[in-house]
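Below is one structure; the comments refer to it alone.
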Amino acid sequence: MKPGDNMDHAGLSSKFNRDEARVDWHDKTLWFIREKRDKAAWQIPEWEQLREQASQIKENVLSNLHAYLLQFEQHATEHGIKVHWASTPQEHNAIVFDIIHKKGVEKIVKSKSMLTEECHLNEYLAAQGIEVIDTDLGERIVQLAHEPPSHIVLPCIHKKKEEIGELFHQHLGTPKGNADPQFLTAAARQHLRQRFLTSSVAITGVNFAIAETGEVVVCTNEGNADLGTQLADVHIACMGIEKIIPQRKHLGVFLRLLARSATGQPITTYSSHFKKPRAGQEMHVVLVDNGRSERLKSDDFRNALKCIRCGACMNTCPVYRRSGGHSYHYAIAGPIGSILAPGLDMKKYADLPFASTLCGSCSNVCPVKIDIHDQLYKWRQVLVKNGYVNSGKAFGMKGMAAVLSNSRTFKWSGIVGRMVMKYIPFVLNNKFNPWYKQRDMPKPPAQSFNQWYQQNRGKNGK
Amino acid sequence: MASREKILENILRNQPPQKTLPDLSKAAIGAGDYFNDFKSILEKIGGAVIEITTLESINEYVQKHYSSTNRIVTTIAELPWFNSDLSDNAHSFEDVDLAVLRGHFGVAENGAVWVTNELMGDRAIPFIAQHLALVIHKRDIVPSLHEVYEKIDPSYDYGTFIAGPSKTADIEQSLVLGAHGPKSMVVFVLAT
C-alpha cells in the first residue's frame, strides 16, 4: 500500500486519532508497561551482557540454520514428534487442516501463535468448517469482536473494559453493564474450560525450539497452552524456522530476557518444555518458511529474524502508542512489524517503514539487539528506489532536498516560513497540511539560529 | 517432502558466514541463602511460600486452608491423599481442588519451580487443579536460570517452570489471578 492511500498507516491512524481521550489512555497504558520493563531490567546488573549474548546466539542461529533445523528434526522425530515443513502459509494451513480432518473433529482450541496469525489459519479453517477457539483471554476477546490482535503480547490492549463487558454480555451471557475485569475473567474461565475439556486437538505456537534436544518451549501466563495440549489427543505446534536455538542452556539467556522485556515480569507463569508426547498422544511440529529463507541472504534485513516476539518495541514506540496496532494492517504491528511486513510484500506494506520517527527507542529496548530503526530507514530507501512511494511524497522529498542542499535557498525559505507562520498562519493551519492534524503549529521563532549567532558571536569573549 | 528440500536448499544458499556462540560460563556463584529472594519474588507475583521442617506440616496447613470435602490429589507417598494410581484419563481431574506435587528446583531470581512429568501424576494435573501446592528443598533453590539449566536432569519428557498462579492482565492491564489454571500457588520449602 502506497503511503497516502486511505487505508495506509496514516489513514488508519487518523481514524484511531479521532477519539483523543482513547489515544491518551492507549499511550499511557503502553508507556506504563514500558516502565515496568525498565524496572525489571534494572534489577539485573548483567542485563546488557544478557542482551549481547542473546544477540550473538541468534546470529549464530541464522548463520547455522540449515544444520540446526536438521538436528532439531532428527531429535524431535526420535522422540515421536512428526515434523512437517511448509514453504508458504497456504501449505502450513493445509497441513494443519489435514491433521484435524484425520481426527474427524470440528472444534479445536488454540493458544497464542503469531505464526498462525501471519498465515491466517483461523479464517482458512473456518472456511473448511472447523471452529477455532482462541484460548488466550485477549485473543478470545478480539476473536469475539471479529478483529485481529492489535499487539503481539497484549492482543486487546486497544479495548476498554466496558466494550469487553458488552461483548461478553452478547456472547457469554454475562449481565449487561458489568465491566469488572475480575468478573469477566472468571466468566471466560468458565466458558473456556468447557472448550478445553471437549477439544481433542490443541494448537500452540512456539517460543523456542531446541536443536540439541528436539523439544519446543511455549511460554504463557494463563496456562492455556498446557491445559489445551494436556487434555487433547493431538498437539500441533506451529513455528517459523527462525525460532530454533542451539542448546537448552541458551534458554537461560532467553527466558531471563523475554518476560522482563515484554511485561516486566521476572518470567512468565508457565515456561513449558515439550519433548515427548504423552502415551497415546500425537504431536506435530509445523516448520514454516514464508519468506524467511529468502530474507536470510539480505545483510540489511536478515537481523529482523532474531526477533523473539516480546513486543517491547511496540510499547516504547511513540508512533505505535498513538496510532494503535490496527493502523499497521499486518499481523505484527509496531516497529518490528514494519520491518518484517515489507519483506513479505513490498507493495502492500510500503507505508509501514514510514510509520516511525526513527527515534531509535525500539532498538534500545530490543532484547536481541535488532537494529530496528536502521532497518526502517533502509527500507524507506529500498521502497523509494523501487517506486513504491507515491508521487506526493517523492515530490516533497525532492523539494526538501533542493532546499536543504543550497544555503541561500535554505536561508530564504526560513525567512518566508517564519513570516507566513506569523502573519498569514491560515496558509498552514488548515486541513491540507498533514502536520496540522491533531497538532497545533508551533509559534514561529523571531529569528533563525544563524541570525542569532551572527548577533551574538564575540559576546562574553567567545 | 518437496518443501523440506526447497527450504533447506534456500537456507544453505542464503545463510551468512558462520558466527560463533558466546561463552556463557561465568564466575561460579558460591552457595548462598537464596531462600529469601525466592520467597519475596514469588510473593510479588502472587504466590505464597511456607517454610516447613517435615511433610506432616503440609497436612496441617491444608486442613486449615482448604475445604476437606473437596478433592485433593498428590504424588507424594507420605501425604494422606496419596493414590499410587493416577493413570486415569486426564479429563477425570476436572474436579480436583488442590494438587500437591514435588518440584525439583526453585529459582531465586524469578520465583519459578521446575516440575517434570514424573512428578505430576498426569501432565494435566498442575494446570487443571483449582489450587496448586509444590514442595521443594531449601538446598535446591538456585540463584538464576543459568544454574538451573546446569542442574536439570535431561531425561524428562515434559517439564515446566511454574511461577505463581495462572494469571492474566488482558482486560485493561488489571491483574487477575486464576485465568485458566490454578487460582493460587503455594510452595512448601523443606528446611533441609
Side-chain angles (χ1 to χ4, degrees), chain A residues 29 32 53 56-57 59-60 62-66 69 85-87 91 135 137-138 141 154 156 160-161 164 181-182 184-185 189 192-193 197 213 221-224 226-227 230-231 241 246 248-249 251-253 255-256 265-267 269-276 278 289 293-294 296-297 302, chain B residues 1 3-4 6-8 10-22 24 41 45 90-91 94 107 109-112 117 122-124 126-128 144-146 148-150 152 154 156-174 176 178-182:
Chain A
T29 308
F32 168 67
Q53 287 170 340
Q56 288 177 12
I57 295 168
E59 282 181 12
N60 168 270
L62 297 182
S63 72
N64 227 346
L65 194 55
H66 184 265
L69 280 166
W85 301 71
S87 285
E91 202 178 340
T135 56
L137 178 60
I141 290 165
L154 319 154
C156 67
K160 304 281 265 184
K161 59 185 181 200
I164 297 165
Q182 182 98 33
L184 295 176
T185 303
R189 179 185 170 98
L192 287 167
R193 193 158 268 239
L197 287 162
T213 63
N221 279 320
E222 300 183 8
N224 54 323
D226 297 282
L227 202 49
Q230 300 313 348
L231 292 173
I241 50 174
R248 185 192 285 117
K249 70 174 182 190
L251 288 170
V253 174
L255 292 182
R256 294 189 78 191
Q265 293 170 258
I267 189 169
T269 305
Y270 305 100
S271 310
S272 296
H273 302 47
F274 295 87
K275 199 162 86 189
K276 281 184 200 169
R278 51 164 215 277
D289 183 348
S293 64
E294 207 45 40
L296 207 50
K297 76 173 170 209
R302 174 190 307 126
Chain B
M1 241 27 205
S3 288
R4 178 181 184 275
K6 199 173 114 194
I7 295 168
L8 286 169
N10 217 26
I11 291 171
L12 201 55
R13 188 168 44 238
N14 292 338
Q15 69 187 14
Q18 178 77 22
K19 300 242 176 124
T20 50
L21 281 168
L24 297 188
I41 299 238
I45 56 178
H91 292 73
E94 188 196 346
V107 186
E109 67 156 329
N110 57 28
N117 54 291
D122 185 286
R123 292 188 195 186
F127 310 99
I128 203 168
S144 82
L145 283 175
H146 299 300
V148 86
Y149 277 111
E150 296 292 318
I152 281 176
Y156 62 87
D157 293 341
Y158 168 71
T160 183
F161 286 107
I162 303 179
S166 148
K167 58 174 162 288
T168 179
D170 275 342
I171 303 177
E172 281 199 17
Q173 283 297 294
S174 300
V176 179
H180 298 300

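FYI, side chains are in, hydrogens and waters are out, and symmetry mates aren't considered; it's all heavy atoms of this structure. Proteins come first, then strands; the chains are lettered A, B, ... in the order of their sequence lines, and each starts at number 1.
Here the CG atom belonging to Asp289(A) is positioned 9.5 Å from the CG atom belonging to Leu8(B), to the nearest 0.5 angstrom. To the nearest 0.5 Å, the span separating CD1 on Ile7(B) from CG on Leu65(A) amounts to 10.5 Å. Note that OG1 of Thr168(B) and CD of Glu222(A) are 4.0 Å apart. Values are rounded to the nearest 0.5 Å. In this structure, CG on Leu62(A) lies 12.0 Å from CG on Asn14(B), to the nearest 0.5 angstrom. Here the CG-NZ distance, from Asn117(B) to Lys276(A), works out to 9.0 Å after rounding to the nearest 0.5 Å. Once rounded to the nearest 0.5 Å, the distance linking CD of Gln230(A) with NE2 of His91(B) reads 11.5 Å.
Listed for the Asn60(A) side chain is a donor-acceptor partner under 3.5 Å among the backbone atoms of Lys19(B). Between the Arg123(B) side chain and the Leu231(A) main chain, no donor and acceptor come within less than 3.5 Å of each other. In terms of modelled atom types and a separation under 3.5 Å, the side chain of Arg189(A) and the main chain of Gly181(B) share a donor-acceptor contact. Counting only distance, with no hydrogens or angles, the side chain of His180(B) and the backbone of Thr135(A) share a donor-acceptor pair below 3.5 Å. Put simply, the side chain of Gln56(A) never gets that close to the backbone of Leu21(B): no donor and acceptor are under 3.5 Å apart.
Residues Asn64(A) and Gln15(B) bring no donor and acceptor atom of their side chains to less than 3.5 Å of each other. Side chain to side chain, Glu91(A) and Ser3(B) meet the donor-acceptor criterion of an N or O pair below 3.5 Å.
Gln53(A) places a side-chain heavy atom less than 4.5 Å from the side chain of Leu24(B). In this structure, Thr269(A) and Pro165(B) have side chains that are not in contact, with every pair of non-hydrogen atoms separated by 4.5 Å or more. Taking the side chain as every heavy atom from C-beta outward, Pro126(B) and Tyr270(A) never approach each other to under 4.5 Å. The shortest side-chain heavy-atom distance between Leu145(B) and Leu251(A) does not fall under the 4.5 Å cut-off. No side-chain heavy atom of Phe274(A) sits less than 4.5 Å from a side-chain heavy atom of Asp157(B). Inter-residue side-chain proximity for Pro266(A) and Glu109(B) is flagged as unmet; no heavy-atom pair is nearer than 4.5 Å.
Of all the listed residues (Lys160(A), Arg302(A), Glu294(A), Arg248(A)), the one sharing the greatest number of non-hydrogen pairs under 4.5 Å with chain B is Arg248(A). With respect to chain B, the highest number of heavy-atom pairs below 4.5 Å among Leu184(A), Ile141(A), Ile57(A), Thr213(A) belongs to Ile57(A). In terms of non-hydrogen atom pairs under 4.5 Å with chain A, the most contact-rich of Pro17(B), Ala124(B), Ala163(B), Ala112(B) is Ala163(B). Contact count against chain B (heavy-atom pairs under 4.5 Å) is highest for Pro181(A) among Gly138(A), Gly223(A), Pro181(A). Among Ser174(B), Pro182(B), Pro154(B), the residue making the largest number of heavy-atom pairs under 4.5 Å with chain A is Pro154(B). Per-residue counts of heavy-atom pairs under 4.5 Å with chain A were compared for Gly111(B), Gly159(B), Ala169(B); the largest is that of Gly159(B). Taking chain B as the reference chain and counting heavy-atom pairs below 4.5 Å, the highest number among Leu192(A), Leu197(A), Leu154(A) is found for Leu197(A).
By the 6.0 Å and 45° rule, Lys275(A) does not stack over the aromatic ring of Tyr158(B).
With salt bridges taken as basic N to acidic carboxylate O contacts below 4.0 Å, none links Lys249(A) and Glu150(B).
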Trace of the side chain to side chain contact (heavy atoms under 4.5 Å, CB included) decision for Val253(A) with His146(B): CA-CA 7 Å; Val253(A) 174; His146(B) 299 300; 3.9 Å; yes

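Contacts of Arg278(A) with chain B are made by both backbone and side-chain atoms, with heavy-atom separations under 4.5 Å. Heavy atoms closer than 4.5 Å to chain B are found in the side chain of Ile164(A), but not in its backbone. Contact of Ile45(B) with chain A is made through the side chain alone, with heavy-atom distances under 4.5 Å. Only the side chain of Ile241(A) comes within contact range of chain B, with at least one heavy atom under 4.5 Å from a heavy atom of that chain. The contact between Gln173(B) and chain A is made entirely by side chain atoms (from C-beta outward), counting heavy-atom distances below 4.5 Å. The part of Leu69(A) that comes within reach of chain B is its side chain, from C-beta onward, which places non-hydrogen atoms under 4.5 angstrom from that chain. Residue contact with chain A, scored on non-hydrogen atoms closer than 4.5 Å, involves the side chain of Tyr149(B) exclusively. For a residue to count as touching a neighbouring chain, one of its non-hydrogen atoms must lie under 4.5 Å from one of that chain's; by this rule Ser87(A) touches chain B with backbone and side chain alike. When heavy atoms are compared at a cutoff of 4.5 Å, Gln265(A) approaches chain B solely by way of its side chain, counted from C-beta outward.
Ring geometry for His273(A) versus Tyr156(B): interplanar angle over 60°, hence perpendicular rather than tilted (30 to 60°).
Counting heavy-atom neighbours within 6.0 Å of Glu94(B) CD, excluding the residue itself, gives a total of 12 or less.
Contact detail for Ala179(B) and Thr185(A): the closest heavy-atom pair is CA-CG2, 4.4 Å.
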